[in-house]
Protein chains: 2
Amino acid sequence: MIMKNKINYSLPTNRPPVHPGEILLEEFMAPFEITQKDMADRLKISRKHLSDIVHQKKPISLEIAHRLSKCFETSIDLWTQGQLNYDVWHALNNPSREVKKIKPFRLSE
Amino acid sequence: MIMKNKINYSLPTNRPPVHPGEILLEEFMAPFEITQKDMADRLKISRKHLSDIVHQKKPISLEIAHRLSKCFETSIDLWTQGQLNYDVWHALNNPSREVKKIKPFRLSE
DNA sequence: CTTAAATGTAACCTAAAAGGTTACATTTGT
DNA sequence: ACAAATGTAACCTTTTAGGTTACATTTAAG
C-alpha cells in the first residue's frame with residue numbers, strides 16, 4: 001500500500017529497498033538465462049553499463065526503464081518506481097548537510 | 001488508484017500531469033504569499049533555480065524534493081511522485097529513437 | 001505617479017552523473 | 001584446456017542540476 005501522505009515513512013525503520021538492477025538480474029535475466037552481453041545488446045547499451053546496473057553501481061534511468069519496459073513488456077513504472085523507492089530510502093537515511101538545515105515553514109514565521 | 005501492472009497506461013490518452021513546480025507555486029507558495037526570493041532562501045537554492053522550477057523549466061530533483069518535504073512537512077513522495085509522473089508521461093509520449101528500436105524479448109527468440 | 005520590491009530571463013560557468021570505449025584479468029561451462 | 005562470460009580499472013563525452021551576474025520588466029505600496 002502506497003502512502004503518499006505519510007510523512008517520510010522510511011526514516012531509520014525498515015531495510016533498504018532492493019535495487020531494481022537486482023530485480024532485473026534475478027527476476028528477468030536469470031530465469032531465461034539471458035547473458036549480460038545479450039541483454040546489453042537488446043537494450044542497446046554497453047556491457048559495462050549493464051554490469052554497473054545489475055551490480056547496483058548505476059541507477060536505472062528513465063530512458064533505461066523505458067527500454068526495459070519494451071523489452072519485457074512490463075509497465076515502465078515497475079522500473080521507475082523501484083529506482084525511486086531505492087533513491088528515496090537512501091536520501092532519507094543519508095540526508096545532505098543542506099537538508100538538515102531546512103526549517104519548517106510554520107515554525108519560522 | 002495506482003496501477004503498477006498496467007502496461008504503459010498513459011500512451012496518447014490523458015492530459016500531461018501537472019508539473020510539481022506548479023503545485024509548489026499554486027498550492028504552497030501562493031496561499032501563504034511566500035515570495036520566490038523568500039522561498040529560495042528557505043530552500044537554500046538560488047532565486048533563478050526556484051524560478052526555473054515554478055516555470056516548469058527545471059525538474060524537482062530528489063534533493064529539492066527532500067528540502068520541500070522538510071519545509072512544508074509533507075511526504076517527500078508528494079514531490080518525487082509528482083515529478084516522476086510528469087517525466088514518465090513525457091517519456092512515453094516522446095519516446096527516444098533508441099526506445100523505438102527495442103524489440104520484445106519473447107518475440108526475438 | 002513614483003519608487004522599491006519582486007520577477008523574468010539571457011549569458012555565462014561548474015560539478016556531477018549517465019553512459020561509452022578499450023583493455024585486461026578472472027570465472028565458468030563444456 | 002579452451003572459449004565464453006564476467007568484473008573492473010582507466011579513460012572520455014554529453015547532459016543536466018545548479019549557481020552567478022546583470023539587466024529589463026512587472027507589481028505593489030506610499
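Below, read A as the first sequence line, B as the second, and so on, with proteins coming before strands; counting in each chain starts at 1. This structure is a prediction, so every number in the text was calculated from the model and none was measured.
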Check: Heavy-atom distance under 4.5 Å between the side chains of M39(B) and I53(B), does that happen here?
Finding: no
Notebook entry, point to check: Can you pull the salt bridge (charged side-chain N to carboxylate O under 4.0 Å, His left out) pairs that have at least one residue in residues 20-29 of chain A, sequence neighbours excluded?
Noted result: none
Next item on the list: Would you check if the side chain of N93(B) reaches a backbone N or O of W89(B) as a donor-acceptor pair within less than 3.5 Å?
Entry: yes
Margin query: Per the ring pair (Phe, Tyr, Trp, His ring centres under 6.0 Å) rule, what does the pair list look like for residues 30-50 of chain A, sequence neighbours excluded?
Written below: F32(A)-F105(B)
Detail all sub-3.5 Å separations between protein N/O atoms and N/O atoms belonging to nucleotides 16-19 of chain D.
| unit_1 | atom_1 | unit_2 | atom_2 | d |
| --- | --- | --- | --- | --- |
| dG18(D) | OP1 | S61(B) | OG | 2.9 |
| dG18(D) | OP2 | H49(B) | NE2 | 3.2 |
| dG18(D) | OP2 | S61(B) | OG | 3.1 |
| dG18(D) | N7 | K58(B) | NZ | 3.2 |
| dG19(D) | OP2 | S46(B) | N | 3.2 |
| dG19(D) | OP2 | S46(B) | OG | 3.3 |
| dG19(D) | OP2 | H49(B) | ND1 | 2.9 |

Next item on the list: Name all residues meeting the salt bridge (charged side-chain N to carboxylate O under 4.0 Å, His left out) criterion together with D87(A); count only those two or more places apart in sequence or in a different chain, and write none if there are none.
Entry: none
Margin query: Please identify the 5'-most and 3'-most nucleotides of DNA chain C with any atom under 4.0 angstrom from a heavy atom of chain A.
Written below: dA18(C) to dA23(C)
Margin query: Give the residues of residues 19-27 of chain A touching DNA chain D, defined as any heavy atom closer than 4.0 Å, sorted by residue number.
Written below: none
Check: Do the non-hydrogen side-chain atoms of L84(A) and Q81(B) ever get within less than 4.5 Å of each other?
Finding: yes
Filtered N/O pairs between nucleotides 26-30 of chain D and protein, under 3.5 Å:
none

Check: Does the side chain of S96(B) reach to within under 4.5 Å of the side chain of H66(A), using non-hydrogen atoms?
Finding: no
Note to self: For a quick check of understanding: with a heavy-atom distance under 4.0 Å over all strands, which category does S51(B) fall into, base, sugar-phosphate or nothing?
What the structure shows: base
Margin query: Taking salt bridge (charged side-chain N to carboxylate O under 4.0 Å, His left out) as the definition, give me every residue that meets it alongside K48(B), ordered by chain and number, with sequence neighbours left out.
Written below: D52(B)
Next item on the list: Please report the closest heavy-atom contact between P17(B) and Y86(B), naming both atoms and the distance.
Entry: O-CD1, 3.3 Å
Check: With sequence neighbours excluded, what pairs up with K57(B) under the salt bridge (charged side-chain N to carboxylate O under 4.0 Å, His left out) test?
Finding: none
Next item on the list: Rounding to 10 degrees, work out the angle separating the end axes of the helix from dC1(C)-dG30(D) to dT30(C)-dA1(D) (five pairs an end).
Entry: 50°
Next item on the list: Return the set of residues passing salt bridge (charged side-chain N to carboxylate O under 4.0 Å, His left out) with K44(A) (not counting sequence neighbours), or none when no residue passes.
Entry: none
Note to self: Just to verify, what does H55(B) make a ring pair (Phe, Tyr, Trp, His ring centres under 6.0 Å) with, not counting sequence neighbours?
What the structure shows: none
Next item on the list: Answer yes or no: is there a donor N or O on one side and an acceptor on the other, between the side chain of N94(B) and the main chain of H90(B), under 3.5 Å?
Entry: yes
Note to self: Among T74(A), I23(A), I60(A), exactly one meets side-chain contact (heavy atoms from CB on, under 4.5 Å) together with L68(A). Which residue is that?
What the structure shows: I60(A)
Note to self: Using every non-hydrogen atom in the two residues, find where A91(B) and L62(A) come nearest and quote the distance to one decimal.
What the structure shows: CB-CD2, 3.8 Å
